[in-house]
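Have a look at the structure below before the remarks.
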Amino acid sequence: MPPVWVLGLESSCDETAAAIVSSEGDVAADVVHSQVAIHAPYGGVVPEIASRDHLRAMGPVVREALARAGRTLADVDAVAVTNRPGLVGALLVGVQLAKGLAWASGKPIVGVDHLVGHLLAPFVRRSAQELRPAFPYVALLASGGHTAIYRVDSPLARDVRELGATRDDAAGEAFDKVAKLLGLGYPGGPVIDRLAKNGDPSRVRLVRPMAHRKGFEFSFSGLKTQIAQIVAKAPPEGEQAIADLCASFQAVATAVLVDKLVAAAEAEGIRDIVVTGGVAANSELRARAAAAAEKKGLRLSVPAFASCTDNAAMIAYAGACRFVAGERDGLDLAASSIGVLPRRTVRGPGPRAS
Ligand code: KG4
Ligand code: ZN
C-alpha cells in the first residue's frame with residue numbers, strides 16, 4: 001500500500017504547529033510557531049493569551065506548511081489535529097480550523113491525543129540515522145504537563161498502557177519551577193540544562209524522590225520544595241553556586257527518570273525503550289539513558305530535538321496511523337482537557353493500597 005500523507009495541526013499548549021507527514025514518517029513540512037516569548041514575562045503559560053495567539057498564528061502556519069511542502073489540501077489524504085489533552089481554549093483553535101479544512105476539502109478528519117503523538121515521535125524521520133523502536137516498547141514521556149511510563153504495543157491508543165505516572169508535578173514543570181526559584185526565566189529546562197554543564201552535582205545534597213518505592217510512579221514536588229528551602233535559607237550567590245544547584249537538581253531528576261524506565265522495561269521483559277517529550281531534549285537525560293541502555297543491553301530510541309518538544313509532525317504521524325487503521329472522526333469532534341489514555345496513578349501524597 002502506498003504511504004498516505006496527512007496534514008497535522010497542534011495547538012494544545014504554547015506552540016502553534018502544522019506539518020505534513022506520511023504514514024512512513026517522512027516529513028514534507030514541519031512549521032512551529034512558539035509562544036514562549038509572549039508567556040515569558042508571566043513565568044508560565046497564560047491560557048487566554050495562548051488561545052488568542054493560536055487564533056492569530058494558526059492560519060498562516062498551516063499555509064506555510066503547505067507552501068513548504070509544495071502541496072495543496074487536495075494533495076493530502078486526511079487532516080489530523082490534537083483534540084486532547086491540553087488547554088481547551090487553545091485546543092479549540094486547532095480543532096475548529098481542522099474541521100473547516102476537512103469540510104472545505106472533503107478530506108477525513110482524525111483527532112489525535114497529544115500524548116500518543118509524543119509516544120510515536122521516534123517514528124518521525126528527521127535523519128537517516130535515527131533508530132526507530134520495535135513494538136512493543138516501554139516509553140518514558142516527560143514533558144511540561146505530563147510525566148509517565150507507558151507500555152506501547154501498537155500505534156493506536158487502545159494498545160498503550162500506563163505503567164506509572166507522576167503523583168504530583170511533571171518533570172518539565174519541576175525544571176520550570178526550579179528555574180523560577182533561581183530567577184532563571186521561563187521555560188526552565190533549557191537554561192538549567194545549559195548551566196548544569198558547568199556545575200558540580202555533588203556540591204548540594206538532595207534527597208532522591210521515591211527512591212525506596214517499588215513501582216514506576218514519580219514525585220517531583222518534594223524535590224522542588226528541597227530547592228525552595230535551600231534558596232530561602234541561603235540563596236546561591238554567583239554563577240558557580242547557581243550552576244552547582246542546577247547540576248544537583250538535574251542529576252537527581254534525570255537519574256530517577258532513567259532508573260524507573262529501565263526497571264519498567266525489565267519488569268515487562270521488553271528490550272526496546274524510548275525517551276520522549278520536551279524533557280527528552282535534556283542532554284543529561286539523553287546521556288544517562290544511553291549509558292543505562294548500553295549497560296543493560298536495551299535498544300534506546302530518542303526522537304530528534306525537533307520531535308521532542310511540541311510539534312505537529314508527531315501529530316500528523318499519529319493521525320496517519322489512525323487513518324491507516326481505518327479510524328476516522330466526524331465534524332462533531334470535540335476538544336477535551338482529558339486524554340484518552342486511562343490514568344492508573346492516583347494523584348497526591350499518602351500511602352497506596354498496593
Ligand atoms: O513537550 P513540551 O514541549 O510541552 C508539553 O507538552 O508540556 O515540553 C515542554 C517542557 C518544559 O517544561 C521545558 O522546560 C522542558 O520541556 N524542556 C526541557 C528541556 N527542553 C525543554 N527540560 C529539561 N531540559 C531541556 N533541555
Ligand atoms: Zn507536549
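In each ligand, atom 1 is the first atom listed, and ligand 1 is the first ligand listed.
The existence of a salt bridge linking D329 and R322 is confirmed by a sub-4.0 Å separation between a basic side-chain nitrogen and an acidic carboxylate oxygen. Electrostatic pairing of R158 and E327 counts as a salt bridge here, judged by a charged N lying under 4.0 Å from a carboxylate O. A salt bridge is absent between R161 and D153: the closest approach of a Lys/Arg side-chain nitrogen to an acidic carboxylate oxygen does not fall below 4.0 angstrom. Ion pairing between a basic and an acidic side chain is recognised when a charged N comes within 4.0 Å of a carboxylate O; D168 and R347 show no such pairing. Residues R167 and E217 are paired through a salt bridge, judged by an N-O separation under 4.0 Å between the basic side chain and the carboxylate.
Not a single N/O/S atom of C13, whether from backbone or side chain, sits less than 2.8 Å from the Zn ion (ligand 2). Residue contacts to the Zn ion (ligand 2): H114 brings an N, O or S atom closer than 2.8 Å.
Residue-level proximity to ligand 1 for N282 is carried by backbone and side chain together, each with a heavy atom below 4.0 angstrom. Residue H146 does not touch ligand 1, judged by heavy-atom distances below 4.0 Å.
Contact analysis leaves C13 out of contact with ligand 1, as no non-hydrogen atom separation drops below 4.0 angstrom. Residue contacts with ligand 1: H118 is included, with a non-hydrogen atom under 4.0 Å away.
A donor and an acceptor atom, one from each side chain of K177 and S221, are nowhere located under 3.5 Å apart. Under 3.5 Å, the side chains of R126 and S307 contain a donor-acceptor pair of N or O atoms.
Between atom 26 (N) of ligand 1 and the options V45, D193, L285, the minimum heavy-atom separation is to D193.
Taking the Zn ion (ligand 2) as the corner point, the angle from H118 atom NE2 to D310 atom OD1 is about 100° (rounded to 10 degrees).
The protein heavy-atom contact nearest to atom 11 (C) of ligand 1 is D176 OD2, 3.6 Å. Here the protein heavy atom with the shortest distance to atom 18 (C) of ligand 1 is G189 CA, 3.5 Å. Protein heavy atom in closest approach to atom 2 (P) of ligand 1: D310 OD1, 3.4 Å. Atom 7 (O) of ligand 1 has as its closest protein heavy atom G144 N, 2.8 Å. When only non-hydrogen protein atoms are considered, atom 21 (C) of ligand 1 lies nearest to G278 O, 3.4 Å.
Close contacts between ligand 1 and G172 involve ligand atoms 12 (O) [criterion: under 4.0 Å to a heavy atom]. The distance from ligand 1 to the heavy atoms of V279 drops below 4.0 Å at these ligand atoms: 16 (O), 18 (C), 22 (N). Those atoms of ligand 1 with a heavy atom of T309 less than 4.0 angstrom away are 3 (O). Listed by atom number, the atoms of ligand 1 under 4.0 Å from H114 heavy atoms are 6 (O). Taking a cut-off of under 4.0 Å to the non-hydrogen atoms of P190, the atoms of ligand 1 that pass are 19 (C), 20 (N), 21 (C), 25 (C), 26 (N). Contact atoms of ligand 1 toward G145: 7 (O) (distance under 4.0 Å to a heavy atom of the residue).
Relative to the six-membered ring of Y137, R271 misses at least one condition, a distance below 6.0 Å or an angle of at most 45° to the axis.
Counting only residues at least two apart or in different chains, side-chain hydrogen bond (donor to acceptor under 3.5 Å, both in side chains) contacts with residues 86-105 are absent.
Ring geometry, H114 versus H118: the interplanar angle exceeds 60°, so the pair is classed perpendicular (tilted spans 30 to 60°).
To the nearest 0.5 angstrom, L333 atom CG is 10.0 Å from L91 atom CG.
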Exercise for review: Would you sort out whether F175 and F249 count as a ring-ring contact (aromatic ring centres under 6.0 Å, His included), showing the intermediate values?
Suggested key: CA-CA 9 Å; F175 272 89; F249 161 74; 4.9 Å; yes
